[in-house]
Amino acid sequence: MPKNTKVTQREHSNEPVTESVADLLSLEHPMDYKSSQMSMGLSPGSTAPVKALIPSPDPDLEDGRPAWNNKLEYILAQVGFSVGLGNVWRFPYLCQKNGGGAYLVPYFILLLLIGIPLFFLELAVGQRIRRGSIGVWNYVYPQLGGIGVSSLMVCGFVGLYYNVIIGWSIFYFFQSFQFPLPWAECPIQINGTQAIVVPECEKSSATTYFWYRQTLNITSSIDDTGGLNWKMVLSLLVAWILVCLAVIKGIQSSGKVMYFSSLFPYVVLFCFLVRGLMLKGAVDGIAHMFTPKLEKMLEPQVWREAATQVFFALGLGFGGVIAFSSYNKRDNNCHFDALLVSTINFVTSILATLVVFAVLGFKANVMNEKCVVDNAETILGFLNTGVLSKELIPPHINFSHLSAQDYTEMYSVIKTVKEDSFGELGLDACLLEDELNKSVQGTGLAFIAFTEAMTHFPASPFWSVMFFFMLINLGLGSMIGTMTGITTPILDAFKIRKEILCVACCIVAFLLGLLFVQRSGNYFVTMFDDYSAGLPLTVVVILENISVAWIYGTKRFMQDLEDMLGFKPYSFYYYMWRYVSPAVLVVLIIATVIEMVVSPAGYNAWVEGAERFHNYPPWASAMAYSLIVLAMLPLPIVFIVRHFNLISDGSNKLSVSYRKGMMKDISNLEEQDEQRFILNKNPSEAPSPMPAHRAYLGPGGTQEMTNTNYGTSTKTGYQNIGSPESEL
């Protein structure tokens, strides 16, 4: 074949392709078989003009599927998506709540049993089929095509409230550029001729008051919307503008953003770790973290929460993992990627926990010292008024330099002597262990506990700016993956410009997100966080597992992986995918449903300077459970309509990421046919130029499935002879 033909140019092009073969063939001109050298009626020595087997396609088809510029961008994107706010404020809380170092044992075991195998599975199917979540599961098993739609809906629900948290971080980021920090002290109000501390702040704390009143301006119940909080509306708008700019060009723009948004949080975490270790009490906090409470490992609740954290830490079921891997080359070592990203995620969780416990250890010491001072003043008052005898105070105790140990000794003596009336004195034990055991998570950790600790840092505005800038970057990395999980399936299914789609998604999401920036918006954030993702995503992932391991066939999938990677994956994955992971996920679903039934549906409301648990009103409960139903509704709908052939399943469409491979086979056919013609051999006497067709095992793993109709010109014929994707 001439070296300058279009077919040869496409063959040697390194650009991936996105169009379907159906689209490709629809744009081709009809072939003149009589003038083609493949015509069996062409006599030897004929000088009939040679026409290209595949005429030049439309120039637009030369624009292939986007690809990562390099492997580092891809790894950073997966790390940025999986390492999010949950690593900073959810994992440390679970570690503190569930036995300290003992919690790491079930977490690591479940990471091996369900985390890494299922993460590897999503990477592999995305890379193999080169489609978003909807296209992938339509291809694997069309009747379960609702998996991709459910993933997309969950991504939408999560993206709506997740970006609100980024908006909160943006607000705190800009508030940090002042000294002293605005949440360092309670505000003063003038009451007549007196200046008094705001009562609501005095009942709680300065950071708690700033969060609930000055930031959220929250109402006392979910029934009272309170109107829009315009400060938060503006912050949410800025957050969506940032997300839109990051994803508007697809992976070409988001890949560049990941260099900063994925790496900067590690710089901040290391800075906080070094600074935290220099603070008084940091060692107490870290020792508290790693002191194992082994009896906790026997509690089923600990294992359930560890499984849930593993599940969400890697971003399974959202579609972002599949979407990112679909832009890889087909021979990329996704097994190495799965191990690397999972390891980075686990190490990041440990690093964030060290930082959090070091800072909280410092905060616990500060609060404990304050407790000692306040109670020592109370005891002095009792001594001066004669309520307590001075003989109760050990002679070596000096109230002007009272240590925590001295106070504990004095407290024990008074409690022993005044046993009958001790409760009336109102003294606190001021134990450091009690402060360390005060578990906080989520917004309570980031915007209250950690923020309060930073007010005691030297140069506190600098550390506050760094901390909230880190939260913005962590959230942005996860939002890029979430938005990619939404846009990629839509772009695969429809011919839409990425820029128009991204802008439209961001505008719609901002308008819907106004629900969360009302004065009662924090209660809706809690509702969406509790109900919109947990159970639906678990169901999505178990169906992903079943469709690959039991419907498509684990043996076939393992063979496909061997063809794709160049080596056979460990048998460990075979047993995990086929037996262990589905069993663990079934138990997790059952435990989640039981937890939802047993635990009352409600939220923590801010009432008169304190948090109080309220049950959801009927309309709010209906809204919460409707989120679960809406997220899972595509699963039965798609199954029913495709089972009864009410809509096309799209299974006869060939993904064209392999078009160049097909063209190469066809061009080789033409070249060899031309050689046989020159050598004056009958084509029927020469070896077949078609690539050997590898038989593969059917879904049951025992029946060999072959197709010998190589001569057909239908799309099925192309699938049989040209594309390795026909095996998936």
Side-chain angles (χ1 to χ4, degrees), residues 78-79 81-84 86 106-129 132-133 136-137 140-141 144 147-148 150-151 154-155 303-326 328 333-346 349 481 485 533-554 557-558 560-561 564-565 569-592 635 728:
Q78 291 286 15
V79 169
F81 176 54
S82 65
V83 175
Y107 183 86
F108 186 72
I109 291 175
L110 291 168
L111 181 64
L112 294 178
L113 294 182
I114 62 173
I116 295 176
L118 294 177
F119 190 62
F120 180 28
L121 183 145
E122 288 201 356
L123 290 179
V125 295
Q127 180 174 308
R128 173 77 176 179
I129 302 175
S133 56
V136 160
W137 303 114
V140 172
Y141 187 60
L144 288 181
I147 293 175
S150 288
S151 294
V154 172
C155 278
W303 290 82
R304 187 188 72 84
E305 293 187 341
T308 304
Q309 179 62 19
V310 168
F311 188 79
F312 290 107
L314 295 174
L316 299 175
F318 282 94
V321 173
I322 293 176
F324 279 150
S325 64
S326 71
N328 270 331
N333 189 349
C334 56
H335 177 251
F336 172 79
D337 299 341
L339 295 177
L340 178 62
V341 174
S342 300
T343 302
I344 292 175
N345 189 290
F346 179 66
S349 297
L535 185 60
L537 277 186
T538 312
V539 174
V540 163
V541 173
I542 193 173
L543 290 177
E544 289 180 356
N545 196 167
I546 291 173
S547 63
V548 171
W550 287 91
I551 298 176
Y552 179 73
T554 313
F557 188 57
M558 294 288 282
D560 290 334
L561 288 175
M564 187 168 67
L565 302 177
Y570 299 114
S571 299
F572 166 82
Y573 293 107
Y574 176 90
Y575 295 104
M576 292 299 105
W577 288 331
R578 193 163 181 85
Y579 304 111
V580 179
S581 295
V584 173
L585 289 173
V586 167
V587 173
L588 180 58
I589 290 174
I590 295 173
T592 302
L635 297 170
L728 191 55

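As a basis for the values below, the full set of heavy atoms in this structure was taken, side chains included, without hydrogen atoms, waters or symmetry mates.
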Open item on the list: I'd like to know whether Ile129 forms a side chain to side chain contact (heavy atoms under 4.5 Å, CB included) with Val140, so could you lay out the CA-CA distance, the side-chain angles of the two residues, the decisive distance to 0.1 Å, and finally the verdict.
Closed with: CA-CA 9 Å; Ile129 302 175; Val140 172; 3.7 Å; yes
Open item on the list: What's the separation between atom CE in Met558 and atom CH2 in Trp577, rounded to the nearest 0.5 Å?
Closed with: 6.0 Å
Open item on the list: For a quick test of reading the model, state the closest non-hydrogen atom pair linking Val310 to Leu110 and the distance between them.
Closed with: CG1-O, 4.0 Å
- [ ] To the nearest 0.5 Å, tell me how far Gln78 CD sits from Asp337 CG.
- [x] 7.5 Å
TODO: Quick one: pull up CD in Glu544 and CG in Leu118 and give me the separation to the nearest 0.5 Å.
DONE: 8.0 Å
Task: side chain to side chain contact (heavy atoms under 4.5 Å, CB included) partners for Ala338, two or more places apart - done: Phe119, Phe120, Leu123
Task: With sequence neighbours excluded, residues passing side-chain hydrogen bond (donor to acceptor under 3.5 Å, both in side chains) with Thr538 - done: none
TODO: Taking side-chain hydrogen bond (donor to acceptor under 3.5 Å, both in side chains) as the test, write out the residues that go with Asn333, two or more places apart.
DONE: none
Task: side chain to side chain contact (heavy atoms under 4.5 Å, CB included) partners for Cys155, two or more places apart - done: Phe318, Thr482, Ile486
Task: Minimum heavy-atom distance Ala313-Tyr107, with the two atoms named - done: CB-OH, 3.9 Å
- [ ] Calculate, to the nearest 0.5 Å, the distance between atoms OH and OH belonging to Tyr579 and Tyr574 respectively.
- [x] 5.0 Å
Open item on the list: Going by side-chain hydrogen bond (donor to acceptor under 3.5 Å, both in side chains), name the residues that satisfy it together with Glu122, two or more places apart in sequence or in a different chain.
Closed with: none
Open item on the list: Please check: side-chain N/O of Ser326 versus main-chain N/O of Gly126, any donor-acceptor pairing under 3.5 Å?
Closed with: no
Task: Results of side chain to side chain contact (heavy atoms under 4.5 Å, CB included) for Ser82 - residues two or more places apart only - done: Val341, Asn345
Task: Minimal non-hydrogen separation, Phe557 against Ala124, with atom names - done: CZ-CB, 3.8 Å
Open item on the list: Tell me the closest heavy-atom pair linking Ser547 and Ile147, and the distance in Å.
Closed with: OG-CD1, 4.5 Å
TODO: Would you name the heavy atoms of Thr343 and Leu339 that are closest together and state the gap between them?
DONE: OG1-O, 2.7 Å
Open item on the list: Using 0.5 Å steps for rounding, measure from the CZ atom of Phe108 to the CG atom of Leu113.
Closed with: 10.5 Å
TODO: Using side chain to side chain contact (heavy atoms under 4.5 Å, CB included) as the criterion, point out the one residue from Val540, Ile322, Val541 that pairs with Leu316.
DONE: Val541
- [ ] Identify the heavy atoms of Ser133 and Gly485 that sit nearest to each other, and give their distance.
- [x] OG-O, 4.3 Å
Open item on the list: Distance check, rounded to the nearest 0.5 Å: Leu314 atom CG versus Phe346 atom CZ?
Closed with: 11.5 Å
TODO: Report yes if the side chains of Phe572 and Pro117 come closer than 4.5 Å at any heavy-atom pair, otherwise no.
DONE: yes
